Amino acid sequence: MPELAEVETVARGLRPLAGRRIVAVRFGKTDFIDHPERIEALLPGSRLVEVRRHGKLLLLAFDREPAAAKAAPALPGARFWLVVHLGMTGQLVLHEAACPPARHTHVWFSLDDGRELRYTDIRRFGHLRLASPEELAVLVAPLGAEPLELSEAEFRRRLGSRRARVKALLLDQHVLRGLGNIYADESLWRARLHPMRCGSDLTAEELDRLWRAVRAVLREAIRHGGTSISDYVNALGRPGSYQKRLRVYGRAGRRCPRCHAAKIERIVVAGRGSHFCPRCQRAGRSAGSGSPRQVRVAAGKKLPRSLGPG
DNA sequence: AAGATTACCTGAAGGC
DNA sequence: TGCCTTCAGGTAATCT
């Protein structure tokens, strides 16, 4: 599942393509693409000039052919961006043009060196679109801070003021951009925090631990080329190796690699499978079984019998 | 209005 | 053996 570390790895793999020109674009299914006709009109003849990662977004900057200006007056400038979100099963992989395409390949970008950049996406949760610099600014404006760039004070400010569960906050792209389910669980384990803890209940010391944990986990995952569990591969079609180093994700029932005593449990938090060590990551008072709404009711009003203590 | 839940999509896995 | 159901999760839309 492409999260920050996977998208970063793909971006690094695509960077050597800077300077290449797109000569043709071909589509399969386009129901996950915004205005494919715009892509068809603008990309051929354009040159890739830059590859960036923004959270889980892959941003490819192109300088357009002057001749293409007439074809797409909606993008008046010379520079535009191909914005790619890999969703759950998206892959952007460089192939020789002669290589037979994988199933679920939906976009072919033919390059001027005879190779093809292909977008494959089994479940089509991914997203593709073209954006002017102005449109891109609007697109990324709601996104939160880059996890590897924000300060500890900023991290504390963003999470410590929120009543939502810390797991939900880590997954919320408006708080931090780029974390997904795997690295959220790994970070919480490393910081020894229960996923159901509420952001505003975390002490400054706990938030500091979490900030350090997120950075350490992401750096380690990037160093190992990301996590390949089901579908993820890099821009050359090769898997990462961080799945071998996961401490809790997908390891329910196995012994905690830190305390070697308790077994990893899996519960649902924020609608997502959440893996943690019940011994190393204690729930604390605010992280009981009820929803935050029920906790609030419990503090002020009489409880229904079924929710009461004991 | 913040936080929770659901729909989207396909393939793998488990049950009978 | 094969069909059926359930589950996985990133995000946007919808509900409370």
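Chain letters run A, B, ... following the sequence lines, proteins first and then strands; every chain starts at 1. None of the values given here were measured: they were computed from a predicted structure.
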> Name the closest nucleotide to the A:H85 side chain, picking from C:dT11, B:dG3, B:dA4.
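That would be C:dT11.
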> What's the CG-C1' distance between A:D172 and B:dT5, to the nearest Å?
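That distance rounds to 15 Å.
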> Tell me: CD1 of A:I229 to C1' of C:dC7, nearest whole Å?
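Rounding to the nearest Å, CD1 of A:I229 and C1' of C:dC7 are 14 Å apart.
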> Whole angstroms only, please: what is the CG-P distance between A:L57 and C:dG10?
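Between P of C:dG10 and CG of A:L57: 14 Å.
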> Heavy atoms from C-beta onward define the side chain here; which of B:dA4, C:dG10, B:dT10 lies closest to that of A:R165?
B:dA4
> Assign A:R103 to base, sugar-phosphate, or nothing according to its heavy-atom contacts below 4.0 angstrom with the strands shown.
sugar-phosphate
> Does A:F32 have its ring centroid less than 6.0 Å away from the ring centroid of A:H106?
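That pair passes the under 6.0 Å test.
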> Reading DNA chain C from 5' onward, which residue's closest nucleotide shows up sooner: A:M88 or A:H174?
A:M88
> Have a look at A:H127 and say if it touches a base, only the backbone sugar-phosphate, or nothing, with a 4.0 Å heavy-atom cut-off.
nothing
> Look at all strands and tell whether A:G273 reaches a base, only sugar-phosphate, or nothing, counting heavy atoms closer than 4.0 Å.
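Sugar-phosphate only.
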> What integer distance in Å separates A:D34:CG from C:dT11:P?
15 Å
> If only side-chain N and O atoms count, and only distance matters, is there a donor-acceptor pair under 3.5 Å linking A:Y183 with A:E220?
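Their side chains do not contain a donor-acceptor pair, so the 3.5 Å distance test is not met.
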> Has A:R238 got more than 12 heavy atoms of other residues, nucleotides or ligands less than 6.0 Å from its CZ?
no
> Is A:L48 reachable from A:V10 through a run of hydrophobic residues whose side-chain heavy atoms are each under 4.5 Å from the next?
yes
> Look at the side chain of A:R272 against the base of C:dT11 and say whether a donor-acceptor pair falls under 3.5 Å; ignore hydrogens and angles.
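Such a pair is found, so the answer is yes.
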> Does A:F125 lie flat on the base of B:dC8, that is, centres under 5.5 Å apart and planes under 30° off?
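A stacking contact exists, since A:F125 sits close and nearly parallel to the base ring of B:dC8.
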> Which nucleotide wins on minimum distance to the side chain of A:K56, given the candidates C:dT11, B:dT10, B:dG3?
C:dT11
> Would you kindly give the CG-to-C1' distance between A:L170 and C:dG10, to the nearest whole Å?
15 Å
> Looking at the side chain of A:Q173, which of C:dG10, B:dG3, C:dT11 is the nearest nucleotide?
C:dT11
> Please determine if a side-chain N or O atom of A:R124 lies less than 4.0 Å away from the OP1 or OP2 oxygen of B:dT10.
yes
> Given that A:D31 and A:G271 both sit by DNA chain B, which one's nearest nucleotide is further toward the 5' end?
A:G271
> In terms of the angle between their ring planes, are A:H224 and A:Y242 parallel, tilted or perpendicular, with boundaries placed at 30° and 60°?
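Geometry flag for A:Y242 against A:H224: tilted rings.
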> Nearest whole Å is fine: how far is C:dG10 C1' from A:L179 CG?
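After rounding, the gap between these two atoms is 13 Å.
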> Taking atom C1' of B:dT10 as reference, at what distance in whole Å does atom OH of A:Y232 sit?
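These atoms are roughly 21 Å apart.
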> Nearest-Å distance, CD1 (A:I33) to C1' (B:dC8)?
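One finds 16 Å between C1' of B:dC8 and CD1 of A:I33, rounded.
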